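Reviewing the structure listed below.
In what follows, chains are A, B, ... by sequence order, proteins preceding strands, each numbered from 1. Small disclaimer: the values here were computed from a predicted structure and weren't measured.
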There are 2 protein chains.
Amino acid sequence: MEAFVNYILQFGNLNSQQIELILSKAQMLALAKDAYFSEAGKIPRYVGFLLKGVTRFCYYNNRSEEITHSFVEENNFVSDQQKFESQIIASEYIQAITDCEMLVFSKKDWDEIGNTIVGWKDIEHLIVKNCLLKTIERRSPLVSEDATTRYLSFIDQFPGLINRVPLSYVASYLGITQPSLSRIRKNIR
Amino acid sequence: MEAFVNYILQFGNLNSQQIELILSKAQMLALAKDAYFSEAGKIPRYVGFLLKGVTRFCYYNNRSEEITHSFVEENNFVSDQQKFESQIIASEYIQAITDCEMLVFSKKDWDEIGNTIVGWKDIEHLIVKNCLLKTIERRSPLVSEDATTRYLSFIDQFPGLINRVPLSYVASYLGITQPSLSRIRKNIR
DNA sequence: AATGCTTTTTACCAAATGGTAAATGTTTTC
DNA sequence: GAAAACATTTACCATTTGGTAAAAAGCATT
């Protein structure tokens with residue numbers, strides 16, 4: 001809870017009443033492992049802040065292969081932002097990889113925060129921009145480096161995560177098959 | 001010029017005085033082929049809107065290979081946005097691939113627009129968000145698909161661009177070597 | 001048309017990765 | 001603790017891609 005407030009205050013100042021207002025709108029959501037927070041074909045109902053656990057974003061490409069394109073760890077926002085904001089149908093899934101605890105906000109409450117707190121929209125924009133830039137930065141080596149380097153940079157970018165998520169998801173994230181990832185791990189040892 | 005105004009008006013309403021103000025700050029910049037608009041190691045001076053020509057973003061990875069990570073065609077903003085906004089040293093290059101014509105704004109003028117026009121910052125945020133989302137979307141297939149599919153989706157996303165830029169840049173963008181790209185093009189014919 | 005310059009293709013072989021299925025290891029459930 | 005279910009590794013070989021250098025093609029200049 002404190003982590004959530006600290007996270008937000010990185011991006012702008014809020015007084016205690018404003019923080020109170022935000023927290024009053026937050027709902028606690030427990031998500032069991034493998035449960036979906038948001039699903040392709042449905043409109044995302046909530047934006048969430050992950051207090052505990054790991055989630056992933058995934059979709060199915062045109063060969064019906066499941067592609068994991070992002071991981072989100074605790075103390076970060078989890079949201080299909082564009083689809084949530086416009087309340088349109090999502091084309092990807094957000095799934096809990098471990099049991100998760102989240103603070104979530106309905107679209108209505110989220111909008112109310114934006115309409116009530118002066119300067120909130122700026123903060124929100126900064127948060128979104130920050131997340132998008134981080135995504136781009138993280139995914140850069142996935143294009144230009146070989147698989148071993150990609151794996152090493154994954155380890156670097158997400159310390160410890162390799163022990164918390166199935167390797168099949170990591171292989172997909174890195175753009176290689178699971179046997180390839182297994183071979184790479186063997187060669188590194 | 002009109003293209004620039006239309007582009008902006010996609011993201012919010014502005015009256016004619018506001019538009020006049022914006023245009024009064026704009027400077028015309030002609031950039032010869034291969035010239036840099038922004039350079040690694042330097043602070044980006046301008047944010048630009050590309051009226052004519054093609055540019056690319058590139059950087060050097062830790063093996064000193066030059067990586068082209070984005071192309072920008074006419075009627076789009078060209079900016080190392082994060083570095084321009086914070087006026088910090090860039091880590092990548094923005095280079096004209098063909099002769100270019102741009103509208104550019106200095107940091108000072110750009111800030112003045114933001115401080116003068118109510119609602120401009122919202123528009124700016126939307127533009128930035130839009131560009132970042134487009135970047136992510138375009139680069140998605142570069143991870144999860146094989147090289148031939150990546151090439152085809154490049155052709156799809158940038159119609160005609162293949163005939164305007166060196167294939168070596170495209171190969172780099174797709175994460176393959178130039179001989180590989182050449183082979184792929186041959187197989188498709 | 002000839003010259004030099006750059007870009008693109010080709011050819012060669014080595015290395016990396018994919019596809020599949022079986023084997024092993026690990027966790028869960030009863 | 002045994003059985004079942006799931007996750008990971010291994011092994012096999014086919015295919016793709018990389019690295020390098022030479023050849024060919026395309027462009028500009030004279």
Side-chain angles (χ1 to χ4, degrees), chain A residues 32-35 53-56 58 60-68 71 95-99 139 141-155 158 160-189, chain B residues 32-35 53-54 56 58 60-68 71 95-99 141-155 158 160-189:
Chain A
K33 183 183 172 195
D34 294 337
V54 185
T55 62
R56 64 167 184 150
C58 62
Y60 292 84
N61 71 6
N62 40 29
R63 271 172 296 159
S64 295
E65 297 162 330
E66 181 193 279
I67 309 292
T68 295
F71 294 102
Q95 187 181 29
I97 303 184
T98 65
D99 290 345
R139 289 169 65 81
L142 300 183
V143 181
S144 55
E145 305 295 338
D146 66 25
T148 302
T149 308
R150 298 205 292 273
Y151 174 67
L152 291 173
S153 84
F154 170 82
I155 295 290
F158 295 100
L161 189 58
I162 194 72
N163 300 315
R164 303 177 72 191
V165 307
L167 290 182
S168 57
Y169 296 168
V170 177
S172 168
Y173 177 79
L174 297 176
I176 56 179
T177 58
Q178 188 168 353
S180 285
L181 176 55
S182 198
R183 216 170 12 216
I184 286 165
R185 282 160 60 81
K186 185 185 182 183
N187 290 338
I188 286 174
R189 284 190 238 115
Chain B
K33 182 184 174 195
D34 294 339
V54 185
R56 65 167 183 149
C58 63
Y60 292 83
N61 71 6
N62 40 27
R63 270 172 295 159
S64 295
E65 297 162 330
E66 181 192 278
I67 309 292
T68 295
F71 294 102
Q95 186 182 30
I97 303 183
T98 65
D99 290 345
L142 300 183
V143 181
S144 55
E145 305 295 338
D146 65 26
T148 302
T149 308
R150 298 205 292 274
Y151 174 68
L152 291 174
S153 84
F154 171 82
I155 295 289
F158 296 99
L161 190 58
I162 193 72
N163 301 314
R164 304 177 71 190
V165 306
L167 290 181
S168 57
Y169 297 168
V170 177
S172 168
Y173 177 78
L174 297 175
I176 56 180
T177 59
Q178 189 169 353
S180 286
L181 176 56
S182 197
R183 219 169 11 216
I184 286 165
R185 282 161 60 82
K186 185 185 181 183
N187 290 338
I188 285 174
R189 283 191 237 117

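- The interatomic distance linking A:Asn163 (CG) with D:dA7 (C1') rounds to 14 Å, in whole Å.
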For this session: Report the C-alpha separation of B:Arg183 and B:Ser180 in whole Å, then their side-chain angles, then the decisive distance to 0.1 Å, and conclude whether the side chain to side chain donor-acceptor pair (under 3.5 Å) test is met.
Result: CA-CA 5 Å; B:Arg183 219 169 11 216; B:Ser180 286; 3.0 Å; yes
For this session: Any chance you could list the contact pattern along nucleotides 5-24 of chain C? Use B for base contacts, S for sugar-phosphate-only contacts and - for none, protein heavy atoms under 4.0 Å, 5' to 3'.
Result: ---BBB------BBSB----
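- When the P atom of D:dA7 is taken as reference, atom CZ of A:Arg164 falls 17 Å away, rounded to whole Å.
- Contact record, B:Tyr173 with B:Leu142: O-CD1, 3.5 Å, taken as the closest heavy-atom pair.
- Under the 30°/60° scheme for interplanar angles, the aromatic rings of B:Phe158 and B:Phe154 are found to be tilted.
- For the atom pair A:Arg139 CZ and A:Leu174 CG, the distance stands at 10.5 Å (nearest 0.5 Å).
- With rounding to whole Å, B:Glu145 atom CD is found 12 Å from D:dT17 atom P.
- Proximity of A:Leu181 to A:Val170: side-chain heavy atoms (C-beta onward) are separated by under 4.5 Å at one or more points.
- If you measure from atom OH of A:Tyr169 to atom C1' of D:dT8, you get 14 Å, rounded to the nearest angstrom.
- In this structure, B:Glu66 CD and B:Arg56 CZ are separated by 4.0 Å, a value rounded to the nearest 0.5 Å.
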